[in-house]
Amino acid sequence: MFPVKFQTVNGFKDILPDEAVRWRRLEEQARAVFRRFGLREIRVPIIESTELFARAIGEATDVVEKEMYTFADKGLTLRPEATAGLLRAYIEHGLHVQQPVQRLFTIGPMFRHERPQKGRQRQFHQIDVEIIGASEPGIDAELMAMAQMLLNELGLKVSLEINSIGCPQCRPGFRTKLVEYLNKRLDGLCEDCRRRIHTNPLRALDCKNKGCKETVQAAPSILDSLCSDCDTHFAFVRQQLDALGVQYALNRFMVRGLDYYTRTTFEFITNELGAQSAVAAGGRYDGLIEQLGGPAKMPGIGFGMGMERIVLLMEQQADKEESADRADCFVAALGGQALTFAAPFVHQLRCLGFVAAIDYSCRSLKAQMKQADRVKARFVLMIGEEEIARQEAALRNMGTQEQSAFSLHGTAGELAARLAELITEKGKHEQAYC
RNA sequence: GUGAGCGUAGCUCAGCUGGUGGUAGCACCGGGUUGUGGCCUCGGCGGUCGUGGGUUCAAGUCCCAUCGCUCACCCCA
């Protein structure tokens, strides 16, 4: 039984080097945008106590009920989302004392035991942003504007939908009204939604079933049931979005899957990801911090951005750009003696900060040139018997095909420094690579 | 947890109503260029047809089981 083939387990994926280029671009762009908005990075463990997630996300949610990777005997769980862990860290370290408003982001893997499909893995990655300690509606608008800026700069076309789901003061009233409405129209609802009336009636509002969609069209709107504080808040959010030039659509049917959300909720959506539509989503969670044992009445708002989904969109939508993985100089060594020259040389070039490559196999020059081409080398330095005899290597510019002699007198360090100067100098004149 | 579809070379795929696994494309290696890349050209490497059973003179093809993957439902980023 020896030729056991191992493979990634279901729902987990390798990100191979070619694809990792896109991931890196996403992360770098995110960091660049976040810096402009004064966000600071925080890194927290991917394992927390099961109890933390149960409290934050809600005991009755699908995520907690059936999707968590839990080590039952240890009371620990792989995080299914990032907010809970960040807030735990915020509270544990008393960050609010240092700075009343904390603007934080983190990037990393999350885990949910769901059946995988397009744009959904069991290990998936999120860019997560939280602004804690500020309740002003301007914050809500700024956060959405920032997410949109990032998506725009990645070259993606997605749309923004917003809603307000009220607060513990006004939502129960709406819930009652909605249940009343739904109960009168059971015929128009799918089986799931009839069940939802008892478990989570708001979910019926965003059911994909056609009949439910029609039935729900005339349902009472949450926006008409907001208390005056929530209503004022949401009006300001919309006004601010307009002022910032952020395009959005109001979606009174939008609901959240996690219990902690209050007031403003939003989703950046696309119809180019199969059954998945949200690429980033979030909202306010004004009661959550207190609920987790933090300071009373501490507000917060945040969003998660699904990196797999963004990367899929980047593949489909964004301009293909040339990979930056490019060698400055490839040193072709022909024969063992040449290697003793070439290797220290390449090492010195690398010390000087250049991307240098070498092939130790001593294959034919043709083969090595092909290899140089594959690593997109801008220059190739050729060292063979003749060159060693003459003490002059050949330096070839791969873009222009120009070739010149390069004296081999001096120590490896001196030679590398001179070569570095040469390839920098020549590289300035021809950016184009054909 | 539920449903549907698909497993042939490293990758993308042909393979008809069962009748010898494809000069297939890409990639890789080598020759054409006694030491010069991309384009071209010629050649080479590469497969227990996911696995196990069954039907048949004969199975990549039909049937059953099993494993894996994909998509969708639920739910969610």
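This is a predicted model, so every value here is computed, not measured. Proteins come first, then strands; the chains are lettered A, B, ... in the order of their sequence lines, and each starts at number 1.
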Would you indicate whether the side-chain heavy atoms of Q247(A) and L160(A) approach each other to under 4.5 Å?
-> no
Quiz prompt | Distance between P atoms of G5(B) and A65(B) (Å, rounded) | solution = 13 Å
In Watson-Crick or G-U wobble terms, with both distances under 3.5 Å, the base opposite G47(B) is none
By nearest-heavy-atom nucleotide on RNA chain B, the more 5' of R396(A) and Q7(A) is R396(A)
When rounded to whole Å, the CG to P distance for the pair D128(A) and A77(B) reads 11 Å
Discussion item. So that I know where these two stand, are F105(A) and F34(A) an aromatic pair - ring centroids less than 6.0 Å apart?
Written reply: yes
Q. Less than 4.5 Å apart, any side-chain heavy atom of Q317(A) and any of E272(A)?
A. yes
| said: Work out how far the P atom of C62(B) is from that of C74(B), and round it to whole angstrom. | reply: 33 Å
When rounded to the nearest 0.5 Å, the distance separating CZ of R390(A) from OG of S407(A) is 11.5 Å
Atom NZ of K118(A) and atom P of A72(B) are separated, to the nearest Å, by 7 Å
Discussion item. Quick check: do I310(A) and R22(A) have side-chain heavy atoms less than 4.5 Å from each other?
Written reply: no
Q.
Show, in sequence, the C-alpha distance, side-chain angles and deciding distance for I269(A) and V158(A), and conclude whether the side chain to side chain contact (heavy atoms under 4.5 Å, CB included) test is met.
A. CA-CA 6 Å; I269(A) 60 174; V158(A) 300; over 6 Å; no
When rounded to whole Å, the CZ to C1' distance for the pair R120(A) and C75(B) reads 6 Å
- Query: Got V311(A) and E19(A) here, is their nearest side-chain heavy-atom distance under 4.5 Å?
  - Reply: yes
message: Mind checking if I310(A) touches a base, just sugar-phosphate, or nothing, with heavy atoms under 4.0 Å?
response: nothing
Q: Please measure how far the C1' atom in U33(B) lies from the corresponding atom in C39(B), and state the result in whole Å.
A: 15 Å
Applying the 3.5 Å cut-off to both distances, the Watson-Crick or G-U partner of U55(B) turns out to be none
Review point. C1' atom, C49(B) versus G7(B): distance in rounded Å?
Key: 10 Å
Is there a donor and acceptor pair closer than 3.5 Å between the side chain of Q117(A) and the base of U70(B)?
no
If pairing means Watson-Crick or G-U wobble with both distances under 3.5 Å, then the partner of A72(B) is U2(B)
Students often get this wrong, so: under 4.0 angstrom with heavy atoms, is G282(A) touching a base, only sugar-phosphate, or nothing? nothing
Taking for V279(A) and for G11(A) the nucleotide of RNA chain B with the nearest heavy atom, the one nearer the 5' end belongs to G11(A)
To the nearest angstrom, the CE-P distance between M369(A) and G38(B) comes to 9 Å
Contacts satisfying side-chain hydrogen bond (donor to acceptor under 3.5 Å, both in side chains) that involve residues 328-337 of chain A (not counting sequence neighbours) are D328(A)-R378(A)
Practice task
Tell me yes or no: between the side chains of K177(A) and S225(A), is some donor less than 3.5 Å from an acceptor?
Solution key: yes
* Asked: So, are E153(A) and R36(A) salt-bridged, with charged N and O less than 4.0 Å apart?
  -> yes
Could you give the distance separating U41(B) and U55(B) at their C1' atoms, to the nearest angstrom?
49 Å
Across every strand shown, the nucleotide meeting Watson-Crick or G-U wobble geometry with U23(B) (both distances under 3.5 Å) is none
R194(A) atom CZ is separated from C74(B) atom C1', nearest whole Å, by 17 Å
Remember a base hit wins even if backbone is also touched, and classify R203(A) as base, sugar-phosphate or nothing at under 4.0 Å, heavy atoms. sugar-phosphate
note: L258(A), atom CG; C76(B), atom P; distance rounded to Å ~ 7 Å
Using nucleotides 26-35 of chain B, report all nitrogen or oxygen pairs with the protein that are shorter than 3.5 Å.
from	atom 1	to	atom 2	distance (Å)
C28(B)	OP1	R374(A)	NE	2.9
C29(B)	OP1	R363(A)	NH1	3.3
C29(B)	OP2	R374(A)	NH2	2.9
G32(B)	N7	K366(A)	NZ	3.3
G32(B)	O6	K366(A)	NZ	3.3
G35(B)	N7	E386(A)	OE2	3.4
G35(B)	O6	E386(A)	N	3.1
G35(B)	O6	E386(A)	OE1	3.4
G35(B)	O6	E386(A)	OE2	3.2
G35(B)	O6	E387(A)	OE1	3.3
G35(B)	N1	E387(A)	OE1	2.7
G35(B)	N1	E387(A)	OE2	2.9
G35(B)	N2	E387(A)	OE2	2.8

Across every strand shown, the nucleotide meeting Watson-Crick or G-U wobble geometry with A77(B) (both distances under 3.5 Å) is none
Look at all strands and tell whether E191(A) reaches a base, only sugar-phosphate, or nothing, counting heavy atoms closer than 4.0 Å.
nothing
Separation of C76(B) atom C1' from I269(A) atom CD1, nearest Å, is 14 Å
Checking N1-N3 plus N6-O4 or O6-N4 for Watson-Crick, or N1-O2 and O6-N3 for wobble, each under 3.5 Å, the partner of C16(B) is none
Could one point to a donor on the side chain of R309(A) or the base of C76(B) with an acceptor on the other under 3.5 Å away?
yes
- Interatomic distance at P, U61(B) relative to C6(B), whole Å: 14 Å
_Rounded distance in Å between the P positions of U20(B) and U70(B)_ = 34 Å
Under 3.5 Å between N/O atoms: give me all the protein pairs with nucleotides 1-9 of chain B, atom names plus distance.
from	atom 1	to	atom 2	distance (Å)
U2(B)	O4	R115(A)	NH1	3.2

note: R196(A), atom CZ; C73(B), atom P; distance rounded to Å ~ 12 Å
For residues I383(A) and L339(A), determine if any side-chain heavy atom of one lies less than 4.5 Å from a side-chain heavy atom of the other. no
Heavy-atom nearest pair, V255(A) first then L205(A), reads CG2-CB, 4.1 Å
Counting distance alone, no hydrogens or angles: does the base of G37(B) have a donor or acceptor under 3.5 Å from a partner atom on the side chain of D373(A)? yes
>> Regarding E308(A), tell me which of base, sugar-phosphate or nothing describes its non-hydrogen contacts under 4.0 Å with the strands shown.
In response: nothing
_Roughly how many Å apart are G10(B) and G46(B), using the P atom of each and rounding to a whole number?_
11 Å
Side-chain N or O of N10(A) less than 4.0 angstrom from OP1 or OP2 on G68(B)?
no
